[in-house]
Amino acid sequence: MSRIAYVNGRYLPHASAAVGIEDRGFQFADGVYEVCEVRRGQLVDERRHMARLARSLRELKIAAPMPPSALSVVMHETVRRNRIRDGIVYLQVTRGEARRDFPFPAAGTRPSVIVTARSSDLEKLEKVATDGIPVVTVPDIRWQRVDIKSVALLPNVLAKQAARDKGGKEAWLVDAQGRVTEGASSNAWIVTRDGKLITRPLGNDILPGITRSVVIEVSKAQGLAFEERAFTVDEAYEAREAFVTSASQIVMPVISIDGRPVGNGGPGLVSSALRREYHRHAEFS
Ligand code: PMP
């Protein structure tokens, strides 16, 4: 079956789906995106993803392309047309197509909207989670507003590749003080030796992950000790457990950092429990 993409009002085969070469997403990375998990054909935490999208658009002064209810219909329809049971749906909104010029284009320029969806192999993903993943630390060289989910991801791309080149599956980005900000495409967590769950507080220096916010709720429901604060790479080396969170991986145990085993070198109990419990707390639509 050929994949179908939604582009500016039309559902098209991937091969013929396109935006113009002067789209500001292509020219300036002037756009934002969201990735929502799909489980059993339903969207996971759509409401929160749409709230974050609205915020990203507002921060960049990009007009909302359509009401949230219409966007929801498009996302569900894209999932349906691609017959996705388990996977992800990807949404991108750019400032639209206009003659290449740095200032914003004329008022009334229509934002571009694309939506794609793809299946993931849940069995394979569970196997990865059972094994856990190695991460590699990389300096965080991103701009100062990474709380906006913009498509300007070049530093993330370079970090992820640098990690891959060293045998890692994810990069942990490190600020000038030696503290972990987040993963290249995930939020970063540790569990200390005395069992406390730690993740960096929200600010302009990390993305407010939707999975992060749900995991905080899960941890509270489970009565786990939780602290929102920055942690250093050295603290992470000494941690009992580590994991990352994102819509596409949910809770993914980290088994080594820069080649040093975390805890006993296998997925930790807390990480695994949070992963198991996650979908009980998530919203389906
Ligand atoms: N941080 C970054 C830099 C990301 O790219 C992502 C995934 N898009 C996340 C965190 C996790 O966010 P979420 O849980 O909303 O997928």
Side-chain angles (χ1 to χ4, degrees), residues 29 31-39 43-57 59 75 87-93 115-118 120 125 129 133 135-164 168-175 179-190 197 199-219 228 230-231 242-254 271 274-275 277-279 281-283 285:
V32 300
Y33 74 108
E34 281 296 328
V35 176
C36 237
E37 190 199 6
V38 179
R39 278 265 165 144
L43 267 55
V44 180
D45 297 322
E46 177 191 2
R47 183 183 57 86
R48 297 181 202 236
H49 282 279
M50 289 304 97
R52 184 173 64 186
L53 174 74
R55 177 181 181 273
S56 297
L57 290 170
E59 290 293 320
M75 288 196 295
I88 56 156
V89 58
Y90 174 88
L91 162 72
Q92 184 178 145
V93 180
V115 180
T116 58
R118 71 179 192 216
S120 40
L125 203 60
I133 60 164
V135 305
V136 171
T137 60
V138 176
D140 191 342
I141 60 164
R142 300 174 301 165
W143 74 319
Q144 290 169 18
R145 288 304 309 275
V146 297
D147 56 310
I148 300 168
K149 198 162 171 59
S150 96
V151 295
L153 292 170
L154 185 55
N156 309 56
V157 166
L158 297 178
K160 185 83 88 173
Q161 187 58 42
R164 289 287 162 99
K169 279 268 173 57
E170 175 61 305
W172 271 14
L173 309 178
V174 180
D175 68 15
R179 302 172 309 184
V180 176
T181 51
E182 60 182 334
S185 61
S186 58
N187 289 109
W189 301 69
I190 56 169
L197 209 50
T199 198
R200 192 170 175 113
L202 297 183
N204 293 349
D205 44 13
I206 65 166
L207 186 79
I210 303 305
T211 320
R212 175 189 179 283
S213 66
V214 175
V215 165
I216 291 173
E217 284 182 12
V218 180
S219 72
E228 245 173 332
F231 58 85
F243 61 91
V244 295
T245 55
S246 73
S248 56
Q249 306 180 95
I250 308 303
V251 175
M252 182 57 71
V254 168
S271 320
L274 290 170
R275 181 179 181 84
E277 289 298 310
Y278 187 86
H279 289 99
H281 293 259
E283 291 174 8
S285 58

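The model shown is predicted, which means the values in this text are computed figures rather than measured ones. Each ligand, and each atom within it, is numbered from 1 in the order the structure gives.
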Checking [Y] against [X]: is there a side-chain donor and acceptor pair closer than 3.5 Å?
X      : Y      : answer
Glu37  : His279 : yes
Ser186 : Glu170 : yes
Glu217 : His281 : no
Thr181 : Asp140 : yes

Among all protein heavy atoms, pick out the one at the shortest distance from [atom]; state its residue, atom name and that distance to 0.1 Å.
atom                    : answer
atom 7 (C) of ligand 1  : Ser185 O, 3.4 Å
atom 1 (N) of ligand 1  : Glu182 OE1, 2.7 Å
atom 3 (C) of ligand 1  : Ala184 O, 3.5 Å
atom 13 (P) of ligand 1 : Ile210 N, 3.6 Å

So if I count the atoms of ligand 1 from 1 in the order they appear, which ones are less than 4.0 Å from some heavy atom of [X]?
X      : answer
Ala247 : 13 (P), 14 (O), 16 (O)
Gly183 : 3 (C)
Thr245 : 11 (C)
Gly209 : 12 (O), 13 (P), 14 (O), 15 (O)

Task: For atom 8 (N) of ligand 1, the option (of Arg212, Glu34, Lys149) bearing the nearest heavy atom - done: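 Going through Arg212, Glu34, Lys149 one by one, Lys149 has the nearest heavy atom to atom 8 (N) of ligand 1.
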Compute the shortest N/O to N/O distance between [X] and ligand 1 and return yes if it is under 3.5 Å, no if not.
X      : value
Arg52  : yes
Thr211 : yes
Val35  : no

Do the charged groups of [X] and [Y] touch, with an N to O distance under 4.0 Å?
X      : Y      : result
Asp147 : Arg145 : yes
Glu59  : Arg52  : no
Glu228 : Arg200 : no

Task: With sequence neighbours excluded, residues passing ring-ring contact (aromatic ring centres under 6.0 Å, His included) with Tyr278 - done: none
Task: Whether over 12 other heavy atoms sit under 6.0 Å from Lys149 NZ - done: yes
Open item on the list: So for Ser248, does at least one of its heavy atoms come nearer than 4.0 angstrom to any atom of ligand 1?
Closed with: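 No heavy atom of Ser248 comes that close to ligand 1.
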